[in-house]
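The structure appears below as structure tokens.
These figures come from a predicted structure and were not determined experimentally.
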Amino acid sequence: MADQEEEELRVALRMSMQNSPPEPKRSKPRDAGAPAASPEESRRIQRELMAAAAEKRMIATRIASPSPSLSHSPSPSPSPSPSKATIDRNPGKSADCVRKEVNFGAKEGNSGLELSSEEVNQLFSMVFGSGVSKDILAQWSNQGIRFSPDPETSMGLVQHEGGPCGVLATIQAFVLKYLLFFPNEIGKVTSNAPQNLGPGRLSKGQYVASDNFGSLTEDAKARALVKSMGEILFMCGDNKRAVIATLNVVGLDTKGFAKNEIVAKALEGLSIESAFDLQKILRIETHTSQASALQKLHKALPVFQSRMGALLFLISALLSRGLDSIQSDRDDPSLPLVTAPFGHASQEIVNLLLCGQAVPNVFDGRMDLGGGMFLKGVFTSVEVGFLTLLESLNFCKVGQHLKCPKWPIWVVGSESHYTVLFALDTTVQDENELEERESQIRRAFDAQDQSGGGGFIIVEGFHQVLREAGIRLPSDKIDHLCSTGFIVWSEFWQVILDLDKSLGGLKDSSGLMGKKVFDLYHFNGIAKSDLNGSHTTSGGETPVQRPRLTKLRVSVPPRWTPEEFMADVVVTSGPVGNESSGKDTEVTKPEPSQHAPLVDCIRTRWSRAVCNWVGDPPSIV
């Protein structure tokens, strides 16, 4: 009996160490001449054989009954050895990562992919670099994706830590898209019905969303958040897949607030200081179905609301795009995506979440530097856009793709922070006839501008602009503009303003057409104590900065109208006035202009805009 059991254990050991079916068990005489093993050696061999047999039985059991949570994934191969799975770094390419099987008890089976050491090291280095500080890691591992509890800002995501604001602001922009313009489509995301994520349009015409943000239900906000995350991830995955990074946590099928408690308990004492720390907790699932991805995101929402949420979503986006593709998108792949020394999200992160590619620049297309070198910008139109204070300081030029998105929602960048600007009225971006003409001329000029947004072109390019735009300048004007060998946009534009329409100019004696008045809203989700100590309450307590929503009244005069004609101008009484004519107009004295850095950002989109608000100036820091 002992001999039979020993032989079975030996067979089990061979089965656990090979990829092909084992040889048939044969009875053979024992070698009487072999030296007998010591009792200690016999016990050691027996323990190893029993462990191998037990491992084999566990593997066989898992193959026979795969976990239901991986129903979207291919069935594991019935090989006697543990199978390997892959995560696509790039469509058409793959990298090994090991499937981590964990026994969570009888009620719930949970499994996912654990990144290999090579993959997680590449990911960690790509995001944080080699010399990242503990403070930066703490910022990125202590920021959840949660809505503000204040009624007036209940539609907004709260930021408690510096650094991840680029991730939060971009998600916020997509959330606003669903809350404002698709309120009837925020249905339950747990059904198996096909989900419509990605580009969308309302029927042509004006649509004004409600500003009653306090009436939004928690369910509606959660669904908008899930749909927004799903849309971003599929966009990063070329609309073919979404990779969702969550935590190795038991109990996500639990209902109610118990989920949050389970996640919080799992994160107790967790500190992310290395790639190895990340590897231990990270679990990956790849979805090619939008419905299954939304189900997973809805189920894992407490994980994304936890203090690891912002980092997990960034990792999800990076893996959805593919690590190799991310590096190919960038101009300098050697730099970390999270910038030192303050841990801010780079423009590559923001662009990845806005357009699905981690390009480092904000201009349209790419800029040829000669010698086979070029810089990469944004190649496609976007759902929500981007404005930056740096453009008003002439450090960069935001292209039309980001400046004129499909929906009137923009992430706003400053030197150190990201916030969100949006309108409720879909017509704020509509152009009248003269604005369209101006845009046509500007596009023709920008196409010849190889200065990186410096606003000047060479003589050959200038003649091409005149041909494309149908502008017939007098010869003396051409000679004057070309006298230095470079044509500057501001000088060229002044000539166009004084040129009659019949010659392709924009001269308009009335000075009234094109006047627009509309409302914009600015949301800053930062919530923190005043650490500078510059202000204290009467009780000596440090005041708290809370998320803030500011309404701005914006008046946009025609760009071609000289300032002296704008002292008294006809303003429409409606919410948006594209042209001032008819009985619905009244002559009003313009409000005195108020200024803040946000106004400079707005003027990069609407030149010469005049902004007014009630209370403290809106802050973009």
Is Asp238 reaching over with its side chain to a backbone N or O of Lys240, donor-acceptor style, under 3.5 angstrom? no
Quick one: does Glu231's side chain get under 4.5 Å of Lys177's, heavy atoms only? yes
Where do Trp140 and Gly343 come nearest, in terms of heavy atoms and distance? NE1-O, 2.9 Å
Partners of Asp211 by side chain to side chain donor-acceptor pair (under 3.5 Å), sequence neighbours excluded? Tyr521
Distance from Ile272 atom CD1 to Asn142 atom CG, nearest 0.5 Å? 10.0 Å
Main chain of Val158, side chain of Arg146: is a donor-acceptor contact present, judged purely on distance under 3.5 Å? no
Can you give me the closest heavy-atom contact between Ala169 and Tyr418, atom names plus distance? CB-CB, 3.8 Å
Check: Arg283 side chain, Thr246 main-chain N or O, donor-acceptor pair, under 3.5 Å: no
CD1-CG distance between Ile409 and Leu424, expressed to the nearest 0.5 angstrom: 9.5 Å
Can you find a heavy atom in the side chain of Val132 that is under 4.5 Å from one in the side chain of Val127? no
Closest approach of Asp519 to Lys551 (non-hydrogen atoms, all atoms of both residues): OD2-CE, 3.3 Å
Distance-only check: which donor-acceptor pairs under 3.5 Å involve side-chain atoms of residues 348-365, not counting sequence neighbours?
| unit_1 | atom_1 | unit_2 | atom_2 | d |
| --- | --- | --- | --- | --- |
| Glu348 | OE1 | Ser346 | OG | 3.4 |
| Glu348 | OE2 | Arg330 | NE | 2.9 |
| Asn351 | OD1 | Gln347 | NE2 | 3.0 |
| Asn351 | ND2 | Val359 | O | 2.8 |
| Asn351 | ND2 | Asn361 | O | 3.0 |
| Asn361 | ND2 | Asp331 | OD2 | 3.0 |
| Asn361 | ND2 | Lys376 | O | 2.8 |
| Asp364 | OD1 | Gln400 | N | 3.3 |
| Asp364 | OD1 | His401 | N | 3.1 |
| Asp364 | OD2 | Gln400 | N | 2.9 |

Is it true that, when you exclude Phe276 itself, more than 12 heavy atoms of the residues, nucleotides or ligands shown sit nearer than 6.0 Å to its CZ? no
Distance-only, no hydrogens or angles: does the Thr419 side chain make a donor-acceptor pair with backbone N or O of Ile620 under 3.5 Å? no
Rounded to the nearest 0.5 Å, what separates atom CD1 in Ile145 from atom CG in Leu312? 8.0 Å
N-O pairing of Lys227 and Glu185 below 4.0 Å: no
Minimum-distance pair of heavy atoms, taken over all atoms of Ser416 and Cys165: O-SG, 4.5 Å
I'd like to know if the side chain of Ser320 and the backbone of Val243 have a donor-acceptor N/O pair within less than 3.5 Å. yes
Kindly say whether Ile171 contributes a backbone atom to a donor-acceptor pair with the side chain of Ser228 at under 3.5 angstrom? no
Which heavy atom of Phe386 sits nearest to which heavy atom of Gly413, and what is that distance? CE1-N, 4.0 Å
Asp219 and Thr217: side-chain donor and acceptor closer than 3.5 Å? no
Hey, is the main chain of Trp410 close enough, under 3.5 Å, to the side chain of Arg605 for a donor-acceptor pair? no
Do you see a donor-acceptor pair shorter than 3.5 Å between the side chains of Ser116 and Glu118? no
Audit row: Asp329, Arg321, side-chain contact (heavy atoms from CB on, under 4.5 Å) steps and yes/no: CA-CA 10 Å; Asp329 291 339; Arg321 175 65 177 154; 2.8 Å; yes
Taking the side chain as every heavy atom from C-beta outward, state whether Leu323 and Glu119 have any pair of such atoms under 4.5 Å apart. yes
Test side-chain contact (heavy atoms from CB on, under 4.5 Å) applied to Leu301 and Met229, step by step: CA-CA 10 Å; Leu301 198 55; Met229 293 193 296; 3.9 Å; yes
Do Val175 and Phe147 come close enough that some side-chain heavy atom pair is under 4.5 Å? yes
Min side-chain heavy-atom separation Leu137-Phe124 under 4.5 Å: yes
Is the shortest heavy-atom distance from the side chain of Phe213 to the side chain of Leu549 under 4.5 Å? yes
Under 3.5 Å, side chain of Thr427 to main-chain N/O of Asp430, donor-acceptor pair present? no
Using side-chain heavy atoms (C-beta onward) and a distance below 4.5 Å, is Ile602 in contact with Leu552? yes
Report the distance from atom CZ of Arg241 to atom SG of Cys236, rounding to the nearest 0.5 Å. 10.5 Å
Do the side chains of Phe313 and Val303 get nearer than 4.5 Å, heavy atoms only? no
Is there a donor-acceptor contact under 3.5 Å from the side chain of Gln279 to the main chain of Glu114? no
Minimum heavy-atom separation for Thr388 to Cys601, with atom names? C-SG, 3.9 Å
Atom pair CZ/CG of Phe174 and Leu225 - distance to nearest 0.5 Å: 12.5 Å
CD on Gln429 to SG on Cys404, rounded to 0.5 Å: 5.5 Å
Please answer whether the main-chain N or O of Arg548 pairs with a side-chain N or O of Glu152 as donor and acceptor at a distance below 3.5 Å. no
Full working for side-chain contact (heavy atoms from CB on, under 4.5 Å) between Phe304 and Ile244: CA-CA 11 Å; Phe304 289 102; Ile244 301 175; 4.0 Å; yes
Met126 and Leu337: CA distance, side-chain angles, deciding distance, side-chain contact (heavy atoms from CB on, under 4.5 Å) verdict: CA-CA 6 Å; Met126 183 186 299; Leu337 291 169; 3.9 Å; yes
